[in-house]
Structures are given as structure tokens and as C-alpha cells.
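Just so it is clear, the values below take in all heavy atoms, side chains as well, and ignore hydrogens, waters and symmetry mates.
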Amino acid sequence: MATADPFEVRMRFSGQLQHLNASTTSAQKAAQYALKYKDMDEDLHSCILEQLEKTTMNTRANIMYFLEHLLEMAYKDRQNDYVRMMQRDILRVVDAVCPEDGSGAANVKVVRKVLQSLMNKSILLEQTVIEIEACLKERDTSADLGFSSPVNGNDTTRRNGNGAATHIRPEKRQIEQRIEEDRERHKRMRENMWAVREPFEAEVQELWETTSDLGEDDHILGREEWEEFQQAMEATKCQHIRNKELNSKAIANSNGASSPS
């Protein structure tokens, strides 16, 4: 089997990261590609960092969601190198997705959600997430700054006469794309709330396979339980209902006795 060209693998992976969107499929496809070429994990990890630091803020948010899929899949498959490198560089990732200058304020919620998920899955330490959260509080600024995404990956800061940095608003297309992607994620989140989880499905399957076929003993047991149920119901009836049923039986017996033979 021919060895894959590292340059070609890197270029294809970069293209997948640049074209990530709100769909789970695109993130999983890129994650599967990274795991497929795990022998180039260091190069692909550096590719992730490179894309995070040069693409638009919308794409950085999508890459952050992709990292959640990649690390979860790598953790389950015991591909610990991806997990280890991301644990080492997680602060660099956070700085790229929501920089200190406030240009990525709209991504703060994204970072929080992904970090919380990775902590719950024991991929990140709780102390690490707590320390990063302290930094995120300072970056969670106004919504206007949150949409100050770099256009085409270029620096969007300008200096005014006093030398202070000002942010350029992104193109209308980028804003609309972000709104649409957030809407798609919220829709998928609501759908996942109603999804049946794998452990429950496995438990049902196990019960189905271990339950014996219906036999005569089951019928006997069922009749006994039904008789016990009727007796219990009879014991709970109030005196008024019992008197009414006794009167009905007496009338029925009287009518039966008076009918001609």
C-alpha cells in the first residue's frame, strides 16, 4: 500500500477545516480524516492551530466544535496523542477562538460549551477549565465586538488618531452565515434532547434477548396476579359501592327466582 503524501494530506485537511459548517457531518468527517492519518498527528495538530489563527471568527467557532468531536473520538479510540497535544495547547486554542482584544466575543459561549463538554468527558481537567473561565469573563464583552470578525483571515484592527485600536465590522455575508449556523446548532440541540441514548437502547436490547418465551407458567402466574389484583381492588371499595353492588345482586337474584321455569 502506497504511503500518503504528507503535503497532500495536510492540504486536504486544511481544506476540510476551512469549509466546516454547523452540521455534525462535516465535523465528524474531518475528525475521521485526522484519525485515519494518525501517524501524521503532530503535523495535523499544527495545521489545526494554523487555521485557528488565520481564518475568520465564524470558521474558528466551527473548528472549536470540530475539536470536540475529534477529541471525543480520539479518546474513545485511545488515540492519546491528539488528546495530549490539545491538552498542552488548549490556551493557545482559546486565545485564537476568542482573542483578548474582544474581536471574538461572540465565540465565548462556543468555547465555554466545548470546554464544559470536554471536562464532563474527562478529556480536560476541571482545574484547567476553571482557570480558562476566569480569562473568558474578561473577554465576554458586547455583542457588537463579538461580530468584529476578521475578513478573509486578515487583521481587522485599525488605529485612530490617538493610536487606539478600533475594530472593523465583518461583511454582511459573514454575519448572516453566523446567524444561520447558530440557528442550525440550536435546532440540532433541541432534536438531541429527544433522542434515545445508546445506553438505553443497549439495555432494552439486553432485556429483549434475555427474556424467555411466553409459556404455560407465565399464563398461570398472570391469572394468579389478576386474581390478587381483583381482591385488592375489592378491599379498597368504600361501603357505599359495596352496598350498591349487593343491592344489584339481590335484585338480579330476585328476578331470576320469579321468572317462569
Side-chain angles (χ1 to χ4, degrees), residues 9-100 103-133 135-136 139-140 149-150 153 177-178 181-182 184-186 188-189 192:
V9 171
R10 183 183 179 91
M11 291 299 294
R12 288 188 177 182
F13 187 57
S14 296
Q16 289 181 337
L17 295 178
Q18 292 168 5
H19 293 90
L20 288 171
N21 52 47
S23 72
T24 303
T25 303
S26 67
Q28 290 179 339
K29 182 179 179 181
Q32 290 169 353
Y33 188 87
L35 294 176
K36 177 181 179 181
Y37 294 101
K38 58 186 177 182
D39 55 323
M40 304 179 192
D41 51 11
E42 290 189 8
D43 194 28
L44 296 184
H45 176 78
S46 68
C47 184
I48 294 172
L49 298 178
E50 177 184 304
Q51 292 300 318
L52 277 172
E53 292 172 348
K54 76 175 188 179
T55 56
T56 66
M57 287 297 167
N58 288 351
T59 303
R60 297 183 198 193
N62 290 333
I63 293 177
M64 193 70 194
Y65 281 116
F66 149 77
L67 288 176
E68 181 180 3
H69 289 279
L70 172 62
L71 296 179
E72 182 180 1
M73 294 168 66
Y75 186 75
K76 289 181 178 179
D77 292 345
R78 300 186 184 278
Q79 307 281 348
N80 295 328
D81 286 338
Y82 278 117
V83 176
R84 175 183 53 80
M85 288 186 289
M86 194 53 62
Q87 290 171 337
R88 179 194 66 199
D89 295 329
I90 189 62
L91 288 176
R92 182 176 174 183
V93 170
V94 171
D95 285 339
V97 180
C98 46
E100 290 183 87
S103 60
N107 289 342
V108 170
K109 290 183 179 180
V110 174
V111 172
R112 281 178 174 148
K113 179 181 180 299
V114 172
L115 292 181
Q116 186 67 37
S117 175
L118 294 177
M119 183 188 73
N120 293 339
K121 295 167 183 172
S122 302
I123 296 174
L124 290 180
L125 295 175
E126 181 180 3
Q127 184 60 35
T128 301
V129 176
I130 292 174
E131 292 174 359
I132 295 176
E133 174 60 28
C135 299
L136 291 177
R139 306 180 191 187
D140 192 4
S149 307
Q177 177 186 356
R178 180 57 178 269
E181 289 179 346
D182 286 346
E184 179 63 26
R185 289 192 184 96
H186 292 156
R188 192 169 64 249
M189 189 187 309
N192 290 340

Under the salt bridge (charged side-chain N to carboxylate O under 4.0 Å, His left out) definition, can you give me all pairs with a residue in [range], not counting sequence neighbours?
{"range": "residues 90-99", "answer": "Glu53-Arg92, Asp95-Arg139"}
{"range": "residues 19-44", "answer": "Arg10-Asp43"}
{"range": "residues 73-86", "answer": "Glu72-Lys76, Asp81-Arg84"}

Give me each pair satisfying ring-ring contact (aromatic ring centres under 6.0 Å, His included) with a member in residues 37-64, each pair once, sequence neighbours excluded. Tyr33-Tyr37

Might you point out which heavy atoms bring [X] and [Y] nearest each other, and give the distance in Å?
{"X": "Phe13", "Y": "Ala30", "value": "CE1-O, 3.6 Å"}
{"X": "Leu52", "Y": "Ala96", "value": "O-CB, 3.7 Å"}
{"X": "Leu136", "Y": "Cys98", "value": "CD2-SG, 3.5 Å"}
{"X": "Met57", "Y": "Asn107", "value": "O-ND2, 3.1 Å"}
{"X": "Ser14", "Y": "Cys47", "value": "OG-SG, 2.8 Å"}

Working to the nearest 0.5 angstrom, can you tell me the gap between Asp89 CG and Met85 CE? 8.5 Å

Taking only residues two or more places apart in sequence, or in another chain, which ones meet Met73 in a side chain to side chain contact (heavy atoms under 4.5 Å, CB included)? Ala31, Gln32, Leu35

Sequence neighbours left out, what passes side chain to side chain contact (heavy atoms under 4.5 Å, CB included) with Val83? Give chain and number order.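 Side chain to side chain contact (heavy atoms under 4.5 Å, CB included) check on Val83 returns Leu71, Ala74, Tyr75, Gln87, Ile123.
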
Would you call Ser26 and His19 a side-chain contact if the rule is heavy atoms closer than 4.5 Å? no

Any side-chain heavy atom of Leu70 sitting closer than 4.5 Å to one from Ile48?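 Of all side-chain heavy-atom pairs linking Ile48 with Leu70, at least one is under 4.5 Å.
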
With Thr59, which of Thr56, Thr55, Asn62 fulfils side-chain hydrogen bond (donor to acceptor under 3.5 Å, both in side chains)? Thr56

Under the rule for side chain to side chain donor-acceptor pair (under 3.5 Å), what residues qualify as partners of [X], not counting sequence neighbours?
{"X": "Gln51", "value": "Gln18"}
{"X": "Glu68", "value": "Ser117"}
{"X": "Glu133", "value": "Arg112"}
{"X": "Gln116", "value": "Asn120"}

Output, in order, the C-alpha distance, side-chain angles, deciding distance and verdict of side chain to side chain contact (heavy atoms under 4.5 Å, CB included) for Tyr65 and Leu20. CA-CA 9 Å; Tyr65 281 116; Leu20 288 171; over 6 Å; no

Given Leu115 and Ile90, is the side chain to side chain contact (heavy atoms under 4.5 Å, CB included) satisfied, shown in steps? CA-CA 9 Å; Leu115 292 181; Ile90 189 62; 4.0 Å; yes

